[in-house]
Amino acid sequence: MKFGRRALLGSGAAALSGLAGPFAGLTRQVWAAGITPVKRLVVVTHGHGVGSIDTADFLTPCLPASPLGGRVGPNSPTADALTGLPKFMEPLAAFTDRTLIVDGLYNLSEDTLHGSRRGAYTCLTAVRASGDDAADGEGDFHGPSFEYAISRQLETPGLYLGGNTPFNASLFASATASGSPAEIPLALDPAAAFAATFGGAEAGLDAARLKARWAKKKSVLDFSLAHLSRTRAALPAAERPKLDQYEAAIRDLEKQLAAPPSTCTATADGVRNPSVPAPLRTMEALHPALAQQLRQQTEVLVNALACGKTRVGVLQISRQTDYSIYPGLADEAHTGQEMKHDLHTLYHAYPVDDWANSWKEFAAPQPSYDGMRLRHQQFLAQQVAYVVQRLSELPDAAAGGNAKLIDNTLVLWMSDSGGQHHGGAASARAVLIGGGLFAPKRILQFPRLYVGDHPKQVDGVTIYNGNRGNNFSECYATADLFVAIQRAFGVDTRSFGDAKYCRGPLPNLT
Amino acid sequence: MRFSELAAPRLASLYFVPHRNRPCFRPVGFASGALFATLSLACTGRIASEPRNASPGPESHAPDSRGGAAGMSAASGASSGGAPAASCAPVLPPGAWKLTPTQIRNTLAAFAPGAEAEADKYGTVVKGLGAFSNAADRLDLSLPVTTAIVDASERIGAAAVQALAAAGERCVQDGADDAVCANKVVETLGRRAFRRPVTTSERDELTAFYRDQRASLPVGEAWAQVASALAMAPEMLFRFEVGTAGSGGRARLTPWEIASRLSYGLTDGPPDNELMASADDGRLATREGRVAQVRRLLGGASTVGARTAFLRELLPWADVTAAGKDRTANPDFSAATVTSMVAAIERRVGDWLTQQPPTWRALLTSEQGYVDAPLAKLYGLTSAAGDALAPQALGRQRRGVLTEPALLASLASFSDSRPVHRGHFVAAQLLCRDLPPPPAGVPPLAAVVAASPLAKDRLAVHTREPQCAACHRLMDPFGLVLESYDTFGRYRTQQDGHTIDPSGRLPLDDTTSVQVDDAAGLADSLASAPAARACFVAQQARWLLGAAVPEEARCWLDSLSAEFAKGDGDVNQLLIRLLTDDVTVERSVP
């Protein structure tokens, strides 16, 4: 299913109010589902898999038993109490009671499993990957991403922040969009970034002058929108969609300006270290510059949520294939030496992209590389932990009382790939943390999608290959999770992405 | 994703190989996956009429295009023909292209001098697999980008008005805001922003907006509001080719659409004054007029940047800047080496572009390159080299642009020369071979670890196994010829004590193969091969059109290829035809 922009607007406008009355329309769907309404969404995403390290806790993805004790039933998910977090999630230990792990989703929109370009990454960001499918048959996802659909439904502009991604360009002029492993220079402090994003030249203005300034800006937007509509109408029908995204974005900005100007400012209490067990703080050293930048961006994000500037935020640590070199990610045998390999190479499981040598290396375990991957995953978990920590500290003014932001915010941590390599699509995991959503403190394991006609022996080696013949009806897709989350926010939908692979809301979340 | 991967989408798919000691397969990437090649039925190996993954162009037409009556009037002059034959009269579809960041920067330089840096706010290029970055569907106007554009438009608007004031335009100063002035300023700003005269309705719309703003703002601020709106107008962000409806289901581009087509195609910038004047007075309506303008532009230096950008994407030498390399195998390799590599190839290409004429043969066979100290080490030159790049005859080992270290290193991996990848690059990018990815479900071949480390021995499995050979016979030979260059682009004759044999038989098209001794032979073969020249024509056309040439216009491409196959392949003449043929000024009407 592809969302039409107008269909979304149409369905959303009647049910929901804007920022002035933020949550009035949310209850219809969510009460029906028996869960607490969610007010805010934070997506933390990156390339490569979440905890997809063979030697770590989610071992043996092809086997029906889970090292955590979960049982994978033939046609239904099995939920087990989450008594302890897997290794890669140790930085999140303090939030176990708020955590739900969903495991075993598949992630594809066409009949192959090369998910690096078609999978969650287009679903997890508002960047639309357009135009590729017809030409190369890879079937990229088209249409708004799921969190974008939610922001539209909530009539709130999303806030997109990034580390090694294009999104960092808007706040931190240090984009490494091409995947360069270059170090990321730090440019701004959080308060300045917040002011530049939400205040800009308006920072420090009194209410009257702020109102006048917004009126000026709005008049330009009003004119531009009308002009854009006329231009769009004059185009051939096939060309008009090229302006749709732009028109929708301008409308979003117009709504933002239509709301009463807010003088809420960032708390600007400085960059803080995440509250994680001291030994794990060494994770910061893996990539100090990136960690510091992400903390700054987190400050912008959580303050934007606290001030009601937005209700949907994305912190994109990296995107798809990450070529970053983590300076401190040397393996144990080479501690202190330069980390030679970028993450992409590391997640290929062998050090050299060499077909002959890689075969040899596959023949022998590579514990040092597994160790590096584990530490990288812990680094990612630590960034998530910091987001959750800050949400736990800031008050939820809209809820009043002693409520904190985390009480009404869903944090979704998810890779844009299923497997550890960017191409995996059959073993996606999601970590949901926060309040007011679903039943936490569980691990929910779904039957994994087997590809091909199941294990067969070739030259004495067991292989799992092929891409058809697997039983989709026994498995669930990432799209099903997205549908469930959308519905929790009141988006009236039963399918997301390619309806061929979407069964509807992911079950057993409540 | 690196462009080197983008350029090889058909082989960049995922493969699964069994992992001993582990119960599951795991995905591996291109290079190792290439071992497990394709079923023969999947690979026709045909020469594609278009490069792989070319994005389809737009297909419809609006009855009411910008430019209006003026465009019709100016475009009504008789056409003087142009090349394709009378029996070949295809029509291209209309379209809309978001300007690339470079194009936006150059456009802002004309609209709001001093605000060029704001171009960074207009978004980055979203590349697709195998597509050029200026493709019609490379769009990103999501909320973050739009927010940045709106924010930037305020500063751009102010800069545009300041530029008018600095030029002595009294109409943007207090006390001079009558109706005549309003029309004059709108027409000036609108023409710069839209790269065409504003229509009457647009002029009225903008002057009304000015008057509305003027009610509460000083003259300068009110005009800045107007300029701000222009800076975020779709006509600023996009280049439209819609035309005005004519007869026979065809529309004709307005003179200003033609002018933008020529200027953005050749200079990545808006039409200069001379080009706009030739649009205003109708000269662009004739092929002679268009040819004169293209010749004028090609005679200057303004086209070098845009034409280099095309070659940089066709031959992805800049990928080396993001490529990790095993420095233990070459301690001399450093960031300075990479910088020199890229600078050297760009100097070589820049020199070539300013030749009169630059030819396909010269691009591929010139032995004149650039050397500085880091490159002298890489080349193994004993003669002293300075800190600055200097021209030097490099001999047979460095014949043509394909032997430039930057390109060879870009196509290699951390420590492997990646012969399959290099071969695929030649077959797909330079010969437009249709090489599909290996179909899923093909079981991996048994592990073959050849006794020899040489690629020729390792890749022999591809010729032994029929399901591999179908495709790999079309690409491996090219990569094996380039085995004389290691992952850093260094020339070598041996690998781990084994002598490299760079000779091979190259399949240039479905019926032609040639035996060559080395990479110089490869360069000579590609320089002469009709298939390579036809592929370059198709790639150049796709770049200039921002979309694939539709199949119905194949006859036009064929005629261009036939002409380009003559002599040494005059690239300037090719550009003239691609930009001025009558085919290029007509569009279909849905």
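Lettering follows sequence order; numbering is per chain, from 1. If you're wondering where the values come from, they're calculated on a predicted model, not measured in any experiment.
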Among B:S417, B:P234, B:G157, the residue with the most heavy-atom pairs under 4.5 Å to chain A is B:P234
Residue set satisfying side chain to side chain donor-acceptor pair (under 3.5 Å) with A:S224, at least two apart, ordered chain then number -> none
Using side chain to side chain donor-acceptor pair (under 3.5 Å) as the criterion, list what pairs up with B:S216, not counting sequence neighbours.
none
Is any side-chain heavy atom of [X] less than 4.5 Å from a side-chain heavy atom of [Y]?
X	Y	answer
A:F223	B:E205	yes
A:H227	B:E235	yes
B:E154	A:K217	yes

Under the side-chain contact (heavy atoms from CB on, under 4.5 Å) rule, what do A:E239 and B:V242 come out as? Steps first, then yes or no, please.
CA-CA 10 Å; A:E239 299 302 309; B:V242 175; 5.9 Å; no
Could you check B:Q225 against A:K216 for side-chain contact (heavy atoms from CB on, under 4.5 Å), going step by step and ending with a plain yes or no?
CA-CA 8 Å; B:Q225 289 279 93; A:K216 264 182 76 177; 3.6 Å; yes
Side chain to side chain contact (heavy atoms under 4.5 Å, CB included) with B:F238: of A:L235, A:T231, A:L243, only one passes, and it is A:L243
Side chain, backbone, both or neither: which part of B:L230 has a heavy atom under 4.5 Å from chain A?
neither
